[in-house]
Amino acid sequence: MTTGRTAVVTLGAQIARRPQRAALVGSPNVGKTSLFNVLTGMRQKVGNYPGVTVERRSGTMTTPSGSLEVIDLPGTYSLLPRSPDERIARDELLGRVEGDPPPDVVVLVADASHLERSLFLLSQLFELGKPVIVALNQVDLALQAGLEVDAAALSNELGVPVIPTSGRTGEGREDLAAALARGGVKGDPAPLELPPGVDAAAAEISGRLSSLFGGVENARRAVRTRFTSEAAAAALRERIAAESGADAAACLAAFDAARARLAADGVDVATATAAARYAWAEGISARTVRRVAEASPVQHAIDRVLVHPWIGALILIAVFTTVFYVVYDLSSYPIDLVDSSMGALGQWAGGLFGDGLLANFVEKGLVAGFGAFLVFVPQILLLFLLIEALDDTGYLSRAAFLLDRIMGTAGLPGRAFLPLLSGFACAIPAIMATRTIENKTDRFVTILVAPLMSCQARLPVYAVIVGALFVGYGSWARAGVVASMYLIGIVVAFFGAKLLRRGMGGGPRSTLLLELPPYRLPSARTVLRNSLRRTWAFVAGAGPIILALTIALWFGLTFPRNVTYSQDYDASIARAQERLRADSADPAAQGELASLRNARESERLAHTYMGSAAQFIEPVFEPLGFDWKIDVAILGSFAAREVFVPTLGVIYSVGEVEDEEQAEQSGLLERMRTDKRPDGSRVFTPLVGISLLVFYVIALQCISTLAVIKRETNSWKWPLACFLTLTALAYLASLAVFQIGTLIGF
Amino acid sequence: MNLDELPPSASARVLRVVGEPLLRERLTELGFTTGTRVCVSRRAPLGDPIHVELRGGGFAVRRDEARCVELDDGSGA
């Protein structure tokens with residue numbers, strides 16, 4: 001075999017059928033997703049595998065022989081099924097995923113700078129018996145590390161095509177497409193040298209398992225690599241138990257006995273196979289990788305600064321403060337733009353339908369419902385642009401490294417920090433950002449406690465309550481009350497995370513073993529594409545749920561319509577309008593008109609389903625110190641906590657107000673301070689205020705958060721459990737505050 | 001000596017991996033095999049986790065996990 005790419009291609013044995021499906025397999029950080037983007041361009045579909053939270057990415061590419069479906073499998077170091085990601089990768093390769101035929105060809109995306117680790121995975125792939133192509137990726141990074149890989153020699157060693165590629169520059173795309181069109185080559189399983197005794201033991205038991213593997217010889221080959229691998233042995237035991245029928249017990253006993261004998265002979269039955277794969281990989285790597293230069297000192301120099309105990313910590317604070325500023329502050333401009341354009345669109349669209357119920361539905365139900373999820377798009381997109389860029393440079397892993405110990409006090413990994421920090425802006429992008437956490441238990445725990453971070457939408461609630469009820473207290477005391485609310489959320493999240501982890505059987509903490517990839521400049525294309533993909537996943541996955549729930553809330557706040565008012569508002573309004581027509585500058589008439597309208601709206605709201613529900617549940621919230629008016633505002637807050645203040649405005653007949661300033665000007669705060677219950681006691685005392693604040697900190701009153709938890713966990717179980725738990729907890733906490741406060745005479 | 005005790009910037013060869021079988025196999029899969037040269041680049045603030053380099057790549061490894069990797073420190077142990 002001569003060297004050069006032409007030699008590589010001649011290896012491609014012609015197969016009868018044109019390949020229809022290719023799967024990309026590779027470890028994390030080998031640039032697999034960048035390569036996937038290069039191959040498929042914008043022709044991608046992102047979804048979830050049924051029943052699990054693993055993201056499924058597929059796309060279509062054009063090859064010389066026609067179009068080909070490409071599946072980007074989850075990044076994995078090994079094909080042994082342990083985590084959901086690894087299980088999916090394996091099942092997909094074996095064609096065990098429902099509705100997905102097995103791939104015709106597998107592309108191993110290898111990392112030229114750690115070839116041994118990629119060859120380890122390749123040795124597992126060879127045993128699946130699929131045609132394989134090796135994409136030798138990140139050759140530039142290997143050169144930086146002073147390593148040169150001889151692709152032709154590697155192809156000769158492995159017996160399969162090896163195509164140098166770059167996911168960043170798109171180099172090698174045509175060669176890979178050509179190789180894919182030819183369908184790849186089935187490599188021979190790597191000749192693994194296992195410890196003495198393993199082969200004899202495998203031969204001994206292969207007769208019993210011949211039906212499982214279709215022949216004694218196949219069984220022997222399969223068992224020899226599984227005997228001395230903990231995860232593979234466990235998977236094989238499961239399979240024997242499930243498929244061997246009446247023989248299962250005897251088979252399992254023989255299998256276990258053989259393993260026990262090997263262990264007694266000093267064979268490490270958990271790791272010997274993995275060690276043998278590395279021994280094979282080292283041999284090939286020694287013959288195909290050359291050190292051509294000293295490794296560039298740049299990588300270590302950057303690490304010395306960025307992961308320095310205190311310089312690194314300062315940089316970390318600076319980076320995360322910037323991220324937080326962008327998500328919390330800078331995003332308000334596009335958010336306001338979305339908000340006001342949706343408002344204008346609603347009025348315009350409503351206007352097309354005149355003045356009646358349909359117009360109200362279009363404006364406040366339909367268009368508002370679209371606005372309810374579109375308003376999150378700027379924050380999600382901005383956060384993901386930053387996260388993807390930081391991740392692509394390799395910095396996010398370093399940040400996780402620096403924060404791992406601190407987050408460990410709550411049983412969470414370092415990667416949970418950034419999502420939780422973002423939670424102080426908004427839980428929606430925060431929950432989306434948990435995608436960077438690999439371990440499923442870690443990710444779920446982070447998702448479930450993220451809503452406890454006091455988001456931006458809670459701030460006006462805090463401000464209005466504190467502004468209305470803590471008059472005469474110094475500004476420091478007021479700030480202290482608000483700050484303690486943030487603290488309460490963090491403390492509940494801290495203990496919640498610990499309890500959840502225990503409840504989910506995750507042990508005290510999952511393993512870390514986090515790769516710290518080399519630093520590099522982020523690829524704008526990858527960052528942009530991934531951010532857009534995430535954002536679209538939110539819009540398509542959570543958008544419809546938010547829309548539907550917003551419309552349901554509109555219904556509850558609009559019906560029934562046949563309200564019998566306490567006075568004839570229409571007649572009074574008509575009289576006030578008449579006076580205004582006579583003298584358009586009559587201030588008394590203007591004021592009267594406004595207050596009549598507000599009073600009518602307040603009375604109407606009290607009679608809606610939502611108002612009735614609030615009065616119905618009043619006894620439930622009574623022990624917390626809330627009256628039905630507060631209950632309406634709480635129920636209304638489920639659309640979004642932002643609704644709390646405007647709803648109070650409507651109930652207290654001052655019209656819709658937005659924030660504390662408007663609440664003061666409109667007289668809402670004054671009305672709240674002086675409002676009395678039927679028995680003459682004040683509705684809002686400082687104690688009621690604290691009770692209400694505590695309720696708002698803890699309760700999950702946000703349908704958008706529920707929708708995004710549903711989207712991210714791929715199940716209704718988690719959002720419902722999270723909602724019920726946090727609401728119950730909020731109730732109990734407020735109950736304790738109010739009852740104990742009353743007892744001690746607050 | 002175990003990997004968690006290796007001082008920063010020092011390097012040594014892996015003797016064997018001990019501990020719970022699944023974790024042991026996982027560490028082996030990442031390349032911690034007998035004879036592999038490993039180097040601790042640095043420790044995170046508070047001493048945990050540690051940044052380990054092996055086979056041309058870097059990993060963050062918690063000290064609990066690093067304790068499972070026994071090193072050949074030349075003492076013949």
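Throughout, a chain's letter reflects where its sequence line sits, starting with A, and its residues are numbered from 1.
Side-chain atoms of B/Glu29 and A/Ser78 form a donor-acceptor pair, as typed in the model, at a separation below 3.5 Å.
Identified by a heavy-atom distance below 4.5 Å to chain B, the contributing residues of residues 305-312 of chain A are A/Val307, A/Pro309, in residue-number order. Contact residues of residues 313-320 of chain A toward chain B are absent (heavy-atom distance under 4.5 Å). Annotation: residues 276-298 of chain A contacts chain B through A/Tyr278, A/Glu282 [non-hydrogen atoms, separation under 4.5 Å].
Around CD of A/Glu193, the count of heavy atoms belonging to other residues, nucleotides or ligands within 6.0 Å does not exceed 12.
In this structure the side chain of A/Asp404 never reaches within 4.5 angstrom of the side chain of B/Asp48, judged on heavy atoms. You'll find the side chain of A/Asp303 stays beyond 4.5 Å of the side chain of B/Ser41, heavy atoms only. At a threshold of 4.5 Å between non-hydrogen side-chain atoms, the residues A/Glu515 and B/Phe59 count as touching. Looking only at side-chain heavy atoms (C-beta outward), B/Glu53 and A/His300 come within less than 4.5 Å of each other. Side-chain contact between A/Leu514 and B/Val61: absent, with no pair of heavy atoms (C-beta onward) separated by less than 4.5 Å. Residues A/Arg304 and B/Arg42 are in side-chain contact: their nearest non-hydrogen atoms beyond the backbone lie under 4.5 Å apart.
Heavy-atom pairs under 4.5 Å with chain A peak, among B/Asp64, B/Val52, B/Leu46, at B/Leu46. Contacts with chain A were tallied for B/Ala60, B/Gly58, B/Gly47, B/Pro45; B/Ala60 has the most, counting heavy-atom pairs under 4.5 Å.
Not a single donor-acceptor pair under 3.5 Å links the side chain of B/Glu25 to the backbone N or O of A/Thr271. In this structure, the side chain of A/His114 engages the main chain of B/Gly56 through a donor-acceptor pair within 3.5 Å. Judged by distance alone, with hydrogens and angles left aside, the side-chain atoms of A/Arg117 form a donor-acceptor pair with the main-chain N or O of B/Leu30 at under 3.5 Å. Between the side chain of A/Glu116 and the main chain of B/Gly31, no donor-acceptor pair closer than 3.5 Å is present.
For A/Thr76, there are no side-chain hydrogen bond (donor to acceptor under 3.5 Å, both in side chains) partners at least two apart in sequence or on another chain.
In plain terms, the two heavy atoms of B/Arg24 and A/Ala270 that are nearest each other are NH2-CB, 3.4 Å. When every heavy atom of B/Thr28 is checked against every heavy atom of A/Ala274, the shortest pair comes out as CG2-CB, 3.6 Å.
Proximity to chain A is limited to the side chain of B/Thr33, based on heavy atoms less than 4.5 angstrom apart. Proximity to chain B is limited to the side chain of A/Tyr77, based on heavy atoms less than 4.5 angstrom apart. In this structure, no portion of A/Ala145 lies under 4.5 Å from any heavy atom of chain B. Looking at A/Leu80, the atoms closer than 4.5 Å to chain B (heavy atoms on both sides) all sit in the side chain, from C-beta outward. Heavy-atom distances place the side chain of B/Leu23, and not its backbone, under 4.5 Å from chain A.
In summary, A/Asp268 and B/Arg16 do not engage in a salt bridge, as defined by a charged side-chain N under 4.0 Å from a carboxylate O.
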Trace of the side chain to side chain contact (heavy atoms under 4.5 Å, CB included) decision for B/Leu27 with A/Leu513
CA-CA 8 Å; B/Leu27 286 163; A/Leu513 299 176; 3.6 Å; yes
